[in-house]
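First listed ligand is number 1; within each ligand, the first listed atom is number 1. Just so it is clear, the values below take in all heavy atoms, side chains as well, and ignore hydrogens, waters and symmetry mates.
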Amino acid sequence: MTQSTSPNSPAAAPLTQDELKTQVGLAALRYVVPGEIVGVGTGSTVNKFIDALATIKDQIKGAVSSSLASTERLQAAGITVFDSNAVPRLAVYIDGADEIDGGGNMVKGGGAALTREKIVAAQSERFVCIADESKLVEKLGKFPLPVEVIPMATERIIAQFAAKGGQGKIRLRDGQPLVTDNGQYIVDVTGLEISDPLAFEAEVSQWPGVVTVGVFAFQRAQVCLLGTSSGVRTLTF
Ligand code: 5RP
């Protein structure tokens, strides 16, 4: 991993988490290729990026979106949203993360959009992660790992995670299982040791009923723009 920092002005008061997100959302604009379609993730940090993207919307063709929520925000900003099937290759995908390690491996899916996020990341040449500094970890696994599952496989998948030392719980919204944009459930798993993200992702991805596991090692980030109180740190992997 290499890194550089664009410093904030020295006398400035410490930035709030919301301001750090705004800062990296803006910084991500320099990775947007003029005249092209940009891949757009999901979450509160990405919302800041979408707001920044709206200011240069005339310089891009449009976006491929990773969730219904981002599509709505992009369209409200006047940005054309393309079907991912209509766009074979994207130069860049910009998205947040729940955790990122020193190799660019991530845990994602806190916003339940992990499946479409992985799809758009897979069709992109470069993944630029935008996050505040609290997301940088030495080892993945502290944040409950989101896994999108087919509902009829939920209990068996929870048992498979238990055999690995993890405790899985169906994510609820208003007392009912949360249903993703793809009509499936999310299981959040705590207590896991993810020491080899690539091997972990490969293994869990082939369990019957797993739609997507929230470890992004095959689709890891090449760049991370990390919002810190002393400025935006650029990590390259
Ligand atoms: C959504 C995601 C988000 O990128 C992740 O949860 C980070 O979100 P935020 O920027 O709100 O902290 O993976 O499925």
Subject >> Set of side chain to side chain donor-acceptor pair (under 3.5 Å) partners for S205, sequence neighbours left out >> reply: none

Original post:
T55 side chain to D51 main-chain N or O, any donor-acceptor pair under 3.5 Å?
Top reply: no

Original post:
Nearest protein heavy-atom contact for atom 2 (C) of ligand 1: which residue, which atom, what distance?
Top reply: E117 OE2, 3.3 Å

Subject >> Atoms in ligand 1 flagged as close to G110, the criterion being non-hydrogen separation under 4.0 Å >> reply: 6 (O), 13 (O), 14 (O)

**OP:** Run the numbers for me: atoms of ligand 1, each under 4.0 Å from some heavy atom of A112, listed by number.
**Re:** 14 (O)

Original post:
Heavy atoms, side chains only, cut-off 4.5 Å: are K48 and V24 in contact?
Top reply: no

Subject >> Heteroatom distance test (G43, ligand 1): nitrogen or oxygen, under 3.5 angstrom >> reply: no

Subject >> Proximity of A131 to ligand 1 by residue part, where a heavy atom lies under 4.0 Å >> reply: neither

**OP:** Tell me which protein heavy atom sits closest to atom 10 (O) of ligand 1, plus the residue, atom name and distance to 0.1 Å.
**Re:** T45 OG1, 2.6 Å

Original post:
With a cut-off of 4.0 Å, which atoms of ligand 1 are near a heavy atom of D95?
Top reply: 4 (O)

Original post:
From R73 CZ over to T42 OG1, what is the distance, rounded to the nearest 0.5 angstrom?
Top reply: 11.5 Å

Original post:
Which residue holds the protein heavy atom closest to atom 3 (C) of ligand 1, what is that atom called, and what is the gap in Å?
Top reply: T42 O, 3.2 Å

Original post:
What residue and heavy atom of the protein are closest to atom 5 (C) of ligand 1, and at what distance?
Top reply: D98 OD1, 3.2 Å

Original post:
Would you call A97 a ligand 1 contact, heavy-atom distance under 4.0 Å?
Top reply: yes

Original post:
Could an N or O of ligand 1 be found under 3.5 Å from any N or O of G109, whether backbone or side chain?
Top reply: yes

Original post:
Quick one: do the S134 and D132 side chains pair a donor with an acceptor below 3.5 Å?
Top reply: yes

Subject >> Side-chain donor or acceptor of R126 paired with backbone N/O of Y31 under 3.5 Å >> reply: no

**OP:** For atom 11 (O) of ligand 1, grab the closest protein heavy atom and report residue, atom and distance to one decimal in Å.
**Re:** S44 OG, 2.5 Å

Original post:
Can a donor-acceptor pair be found between the side chains of S65 and S70 at a distance below 3.5 Å?
Top reply: no

**OP:** Examine distances only and state if a side-chain atom of D101 and a backbone atom of G103 form a donor-acceptor pair shorter than 3.5 Å.
**Re:** yes

Original post:
What's the shortest distance from atom 12 (O) of ligand 1 to any protein heavy atom, and which residue and atom give it?
Top reply: K135 NZ, 2.7 Å

Subject >> Beyond-backbone contact of L140 with F200, side-chain heavy atoms, under 4.5 angstrom >> reply: no

Original post:
What atoms in ligand 1 come closer than 4.0 Å to a heavy atom of G96?
Top reply: 4 (O)

